[in-house]
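Keep in mind that what you see is a predicted model, and the values were worked out from it rather than measured.
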Amino acid sequence: MADTVDLHTLEEKYRDRWSAEFEADPSGKEKYYLNVAFPYPSGAMHVGHGRTYTVPDIVARFWRMRGKQVLFPMGFHVTGTPVIGISKRIARKDEKTVWLYRDLYGVPQDVLDSFTDPMVIVRYFAGEYERIMRSLGLSIDWRRRFITVDPQYSKFIEWQYRHLHALGHVVKGVHPVKFCPQCDNPVGDHDLLEGDKAEIIRFVLVMFRFGDSFIPTATLRPETVYGVTNLWVNPNVTYVKAMVDGNAWIISREAAEKLKLQDHTVTIGDEIPGRDLVGKKASHPLSGEIPILPADFVDPEMASGMVMSVPAHAPYDYIALRDLQEKGMYTDIRPKSLLTLEGHGEFPAKDAVERAGIRDQKDPKLESITQEIYSAEFARGKMHDRYGGRSVREARDDITEKMLAEFGSAVLYDFDTRPVVCRCGGRVMVRILHDQWFLAYSDPAWKAEVHDQLGKMVLVPPETRAEFERTVDWLKDWACTRRVGLGTKLPWDRNWIVEPLSDSTIYMAYYTIAHHMKKLPAEKLTPEVFDYILLGKGTPSTLPMEVLEPIRRELLYWYPYDFRFSAKDLISNHLTFQLFHHRALLPPELQPKGMVVFGMGLLSGAKMSSSKGNVFLLEDAIEEFGADTVRMFLTGSAEPWQDFDWRNELVLSVKKQIERFWAAVQENAAAKGASGGALDTWLESRLQGRVARTTRALELFQTRQALQECFYGMEADLRWYRRRMGEKSDPGPAARALASAWIRLLAPFIPYTCEALWEALGEEGPIAFARWPEADPEKIRPDAELAEELLARTLEDIESITKILPVNPKEIQILVAPEWKRAIFVTIAGSPEKRDVVREIMKDEGMRRRGKESADAVKQITSLIHRLPPGYREGLLSYQVDEKGVFVAAQDFIGREFHVAVRVLSADESSHPKARLALPYKPAIVIE
RNA sequence: GCGAGGGUUGCCAAGCCAGGUCAAAGGCGCUGGCUUGAGGGGCCAGUCUCGAAGGGGUUCGUGAGUUCAAAUCUCACCCCUCGCACCA
């Protein structure tokens with residue numbers, strides 16, 4: 001008996017043997033192609049990555065053993081900006097970054113010194129990823145590895161974008177972005193110190209004429225211009241007169257700065273104190289001449305810093321006006337209603353303010369009331385007939401258009417919350433970018449294609465379907481080009497780089513041909529070449545058909561992919577994007593077939609985060625526990641789509657379990673016991689069920705469920721088998737069969753251990769290609785399983801009794817129920833309608849003669865049947881179990897268990913009062 | 001705030017869609033016993049609570065409801081996770 005193994009030696013040995021074992025070429029076998037979202041190699045792998053890649057590996061190994069030709073490839077995503085930032089921080093010896101890379105990730109100093117070049121970083125970590133993935137035992141075809149800036153891959157991107165452009169899916173547009181004037185760059189939410197939730201809002205500037213100038217008031221509700229009674233200006237703020245595109249505007253200084261970034265030429269001129277404007281008049285063609293009034297709530301940082309007042313419909317305006325009027329000022333101004341809203345009076349703002357008991361314009365409740373009125377009026381409001389009589393929703397669009405076209409209005413973008421601060425400390429503003437290219441995901445026709453595609457796909461788990469469908473509806477145009485970062489240049493506009501998410505949408509197809517592409521010079525990979533390889537169109541001139549034809553054949557062999565795996569955070573972008581691109585670029589027969597979405601990883605209950613240092617490095621985990629332990633823990637503690645929690649103490653117990661498995665297989669495989677009797681039949685029968693359920697679980701990607709069956713379940717069966725057999729005898733042939741099947745069932749999960757055992761048992765060939773066990777229905781013996789179940793249940797009963805009894809038992813009697821009770825059992829258990837059963841039974845002459853005894857039995861048996869597991873109950877109906885025979889055969893066993901003599905007899909042979917309690921499959925037990 | 005998913009007995013986690021089979025699988029931890037090579041070994045049992053007989057009582061985020069019957073169905077509320085865009 002080889003008790004322990006040196007896992008590390010063992011793993012190293014097979015790692016070498018496996019180096020090229022999983023290279024997969026087209027063959028006569030049915031293919032199975034699965035892939036995972038590739039990593040961005042900017043740091044070390046942690047155990048969370050470990051699970052992301054182990055789950056598909058288990059699936060790959062499973063199908064391989066089931067005889068499919070399996071492709072499991074891997075590449076690296078290196079496009080984008082993060083590594084550029086990292087290299088800069090390394091160059092300026094940023095403390096936190098150096099700590100992260102040198103101390104946490106363990107990058108050697110000389111390597112770290114070269115990290116000032118971003119390409120060095122990604123190449124280094126791509127190498128590290130491969131090394132660690134190999135040590136984790138991933139069955140990847142490494143010949144196909146590529147990174148997203150390989151020149152051949154860039155050619156592939158160029159081909160895609162030319163097509164998307166030609167199809168009208170890539171369009172040019174204007175795009176407001178968060179922008180830091182200090183950095184002179186757009187900033188993403190992750191670049192922000194403050195205000196990362198701020199959204200860009202589009203305001204319409206309503207231009208009020210004020211002498212030779214304009215006062216632009218910013219609003220989200222331009223249709224309310226008909227209800228304007230006055231303007232608001234903050235008397236304590238100093239405004240400026242600025243020349244904007246040749247016209248004089250009176251706005252806040254902040255607003256002037258904003259306008260500069262939004263396609264306006266702005267020259268700031270004289271200052272104008274707010275209080276100087278108070279009491280003067282302004283006018284607009286749609287509202288007439290109105291006065292300018294003072295209000296403290298007017299914020300110079302908000303939009304233009306000028307506000308038009310609609311007291312009938314805007315609570316702030318109503319309150320500010322009321323405050324003034326209570327002091328006896330401007331009492332001639334009346335709110336002016338512009339729409340009707342069901343459930344509200346003429347002036348909804350007034351109703352709401354009064355209902356909420358708002359005191360003045362500083363009341364914090366005003367915010368929510370404003371929101372409430374705004375939503376209600378937008379959803380259900382109807383303009384008065386004199387203002388067109390349309391719904392607010394429609395009127396707003398009309399009036400916006402009209403104002404922009406005829407009344408000199410402009411658009412001003414601003415944030416909904418403030419402040420928004422860049423990491424550099426500078427104030428972030430909205431800037432309009434031009435010439436930005438977009439993927440037109442908002443196109444309804446394109447969306448419809450993706451909905452259609454989703455309908456044809458298998459989504460695991462099924463709950464994600466709703467989220468995918470929502471995402472498709474919700475998606476807007478996606479800015480798909482960048483000015484900075486690593487990546488492929490947009491072929492027709494070389495000032496732009498294809499954005500990182502946008503260059504990784506159909507790369508799964510590239511894996512199928514990547515190893516061929518590597519051998520071809522990039523400059524020969526013209527669009528025509530890809531047209532031929534991917535679409536079968538044309539005759540490329542740069543390369544001979546003898547070269548291209550096998551490449552296309554390989555693509556067609558593997559593609560489309562069967563399943564794509566990824567964590568759930570990619571649903572709202574990548575996983576959905578790739579469906580758009582597949583539909584746009586590839587024919588119907590090459591569309592994706594399924595996706596599996598993972599949960600996230602926790603480390604001892606806390607979120608795993610590299611930047612916070614709360615990570616457990618995968619390499620350390622493999623070093624400490626062994627690759628198999630890591631794999632089994634990561635896939636056995638939760639199903640792939642559930643979040644999992646890495647806890648060292650739990651991992652350690654998994655390691656012990658594997659060691660137990662190792663010893664148990666050795667012991668049972670070497671067993672020489674003679675062909676066993678009923679017990680071997682039982683074990684063999686159990687095994688068939690385990691095999692069937694393990695297989696089923698893996699077909700459904702349920703790694704945890706599969707392990708429950710093929711690890712813990714098998715172990716429990718084997719334990720019972722050994723316990724029943726007793727110490728002395730040697731395990732029989734069923735145990736040897738189990739050992740062989742067991743190794744293969746676990747091979748996808750713990751391949752190193754299983755490969756070693758497979759070899760130790762003298763089996764031919766690598767276990768990765770061994771035949772997956774199949775359940776043999778001939779060997780399933782429900783009667784044998786029922787008999788053991790009966791025994792086990794009775795054993796439990798005896799145990800619970802002996803525990804309660806304060807005395808040491810000297811003898812156990814098992815009193816089996818008489819035949820007539822079994823007849824009742826069969827009648828009741830077999831009857832769908834339990835109520836009439838009693839009457840039926842009592843019709844029988846023999847039953848009636850027993851009187852109360854049979855009536856009691858009916859009651860007891862009904863209650864017993866109610867408690868039996870359904871499978872067990874049905875089994876007992878279909879198969880006769882000779883109760884007495886079972887207990888007599890197990891007499892020695894029971895005696896051994898309890899160290900007392902055991903007698904088995906029929907209940908009607910005993911005069912003991914307990915004897916009357918005997919029920920079918922629940923014998924009376926007398927312990928004395 | 002919006003969209004999606006989730007809250008089960010010390011912990012992890014089945015069960016919930018198809019209501020009774022559920023005091024509720026399995027693993028971990030802990031407790032006790034056995035193993036007459038004790039130390040990260042194996043086996044057996046217990047682990048909500050009461051019980052001198054295999055049984056009873058109270059539980060499945062909170063509160064209501066439907067039903068003969070609810071962890072499972074309905075409604076409301078509380079809490080957690082993921083996503084909310086140019087970022088991998």
Side-chain angles (χ1 to χ4, degrees), chain A residues 3-4 37 39-40 42 77-83 175 177-178 186-191 197 199 371 416 436 438-439 441 461-471 473-482 485 499-502 504 567-574 597 599-600 602 605 607 636-639 641-645 647 649-657 659-660 663-664 704-705 707-709 711-713 715-716 719 722-723 727 793-794 796-807 865-873 897 914 917 922-927:
Chain A
D3 13 290
T4 45
Y40 183 80
S42 65
H77 192 220
V78 306
T79 32
T81 51
V83 281
H175 188 50
V177 296
K178 290 178 185 172
V187 284
D189 282 348
H190 54 282
D191 296 321
K197 279 196 174 149
E199 276 186 67
Q371 193 54 45
D416 61 342
Q436 174 68 54
F438 290 90
L439 283 160
Y441 294 145
E463 294 81 49
T464 54
R465 185 170 295 278
E467 206 177 342
F468 273 108
E469 299 282 4
R470 289 274 180 181
T471 300
D473 291 334
W474 162 86
L475 229 39
K476 295 190 282 230
D477 289 352
W478 181 267
C480 64
T481 53
R482 288 294 104 87
E499 183 272 334
L501 289 183
S502 308
S504 302
K568 65 178 171 196
D569 52 352
L570 294 189
I571 291 178
S572 65
N573 48 56
H574 166 75
V597 177
M600 314 297 284
L602 300 175
K607 212 183 284 185
S637 61
E639 297 294 5
W641 38 90
Q642 297 173 318
D643 296 350
F644 75 96
D645 191 4
R647 286 176 192 269
E649 64 275 19
L650 299 185
V651 180
L652 198 62
S653 69
V654 169
K655 186 177 179 183
K656 283 188 227 164
Q657 288 160 353
E659 283 162 1
R660 223 155 55 211
R704 174 183 153 73
Q705 182 60 37
L707 271 172
Q708 290 282 329
E709 287 294 339
F711 189 84
Y712 304 105
E715 205 184 26
R719 251 204 312 265
R722 298 306 301 266
R723 181 177 172 189
E727 287 303 311
R793 287 172 155 268
T794 307
E796 275 172 35
D797 280 352
I798 299 173
E799 263 151 14
S800 58
I801 296 167
T802 53
K803 264 185 67 83
I804 292 170
L805 281 182
V807 294
I865 285 171
H866 224 68
R867 291 155 191 255
L868 292 178
Y872 186 54
R873 181 176 61 224
E897 289 283 315
K914 292 268 176 212
L917 299 176
K922 194 159 180 71
I925 296 161
V926 177
I927 299 174

For this session: Using whole Å, report how far CG of Asp569(A) lies from P of G83(B).
Result: 5 Å

For this session: State which residues pass side-chain hydrogen bond (donor to acceptor under 3.5 Å, both in side chains) with Lys178(A); sequence neighbours excluded, sorted by chain then number.
Result: Asp189(A)

Exercise. Any side-chain N or O of Arg723(A) less than 4.0 Å from the OP1 or OP2 oxygen of A45(B)?
Worked result: yes

Protein-nucleic acid N or O pairs under 3.5 Å, nucleotides 23-29 of chain B:
unit_1 : atom_1 : unit_2    : atom_2 : d
G26(B) : O2'    : Gln708(A) : OE1    : 2.9
G27(B) : O3'    : Gln657(A) : NE2    : 3.0
C28(B) : OP1    : Gln657(A) : NE2    : 3.1

For this session: Looking at every strand, decide which applies to Ile571(A) at a 4.0 Å heavy-atom threshold: base, sugar-phosphate, or nothing.
Result: nothing

Exercise. What residues form a ring pair (Phe, Tyr, Trp, His ring centres under 6.0 Å) with Trp478(A), not counting sequence neighbours?
Worked result: Phe577(A)

Problem set entry | Counterpart residues, side-chain hydrogen bond (donor to acceptor under 3.5 Å, both in side chains), relative to Thr481(A) (two or more places apart) | Gln436(A)

Seminar exercise, completed: Protein-proximity profile, nucleotides 47-57 of chain B, B/S/- by nucleotide at the 4.0 Å heavy-atom cutoff, equals ----BBBBSS-

Exercise. Within the structure shown, what part of the strands sits under 4.0 Å from Trp474(A) by heavy-atom distance: base, sugar-phosphate, or nothing?
Worked result: base

Problem set entry | Gap in Å between the two P atoms, one belonging to C79(B) and one to C87(B), rounded | 33 Å

For this session: With heavy atoms under 4.0 Å as the rule, sort Asp645(A) into base, sugar-phosphate or nothing.
Result: nothing

Problem set entry | Contacts of Leu652(A) that satisfy side-chain contact (heavy atoms from CB on, under 4.5 Å) - sequence neighbours left out | Phe625(A)

Exercise. How would you list, by chain and number, every residue that makes a ring pair (Phe, Tyr, Trp, His ring centres under 6.0 Å) with His175(A), sequence neighbours excluded?
Worked result: Phe438(A)

For this session: For Arg660(A), check side-chain hydrogen bond (donor to acceptor under 3.5 Å, both in side chains) against everything at least two apart and list the hits.
Result: Glu715(A)

For this session: Apply side-chain contact (heavy atoms from CB on, under 4.5 Å) to Ser504(A) and list each qualifying residue two or more places apart in sequence or on a separate chain.
Result: Phe38(A), His77(A), Thr148(A), Tyr153(A), Tyr507(A)

Problem set entry | Residue list, side-chain contact (heavy atoms from CB on, under 4.5 Å) with Lys922(A), at least two apart or on another chain | Asp797(A), Leu864(A), Leu919(A)

Dump the pairs, protein N or O against N or O of nucleotides 3-10 of chain B, anything under 3.5 Å, distances to one decimal.
unit_1 : atom_1 : unit_2    : atom_2 : d
G3(B)  : O3'    : Arg470(A) : NE     : 3.4
A4(B)  : OP1    : Arg470(A) : NH2    : 3.2
A4(B)  : O2'    : Glu467(A) : OE1    : 3.2

Exercise. Who are the side-chain hydrogen bond (donor to acceptor under 3.5 Å, both in side chains) partners of Arg465(A), not counting sequence neighbours?
Worked result: none

Exercise. What is the nucleic acid contact for Thr802(A), judged by heavy atoms within less than 4.0 Å: base, sugar-phosphate only, or nothing?
Worked result: nothing

Seminar exercise, completed: note: Gln436(A), atom CD; A85(B), atom C1'; distance rounded to Å ~ 13 Å

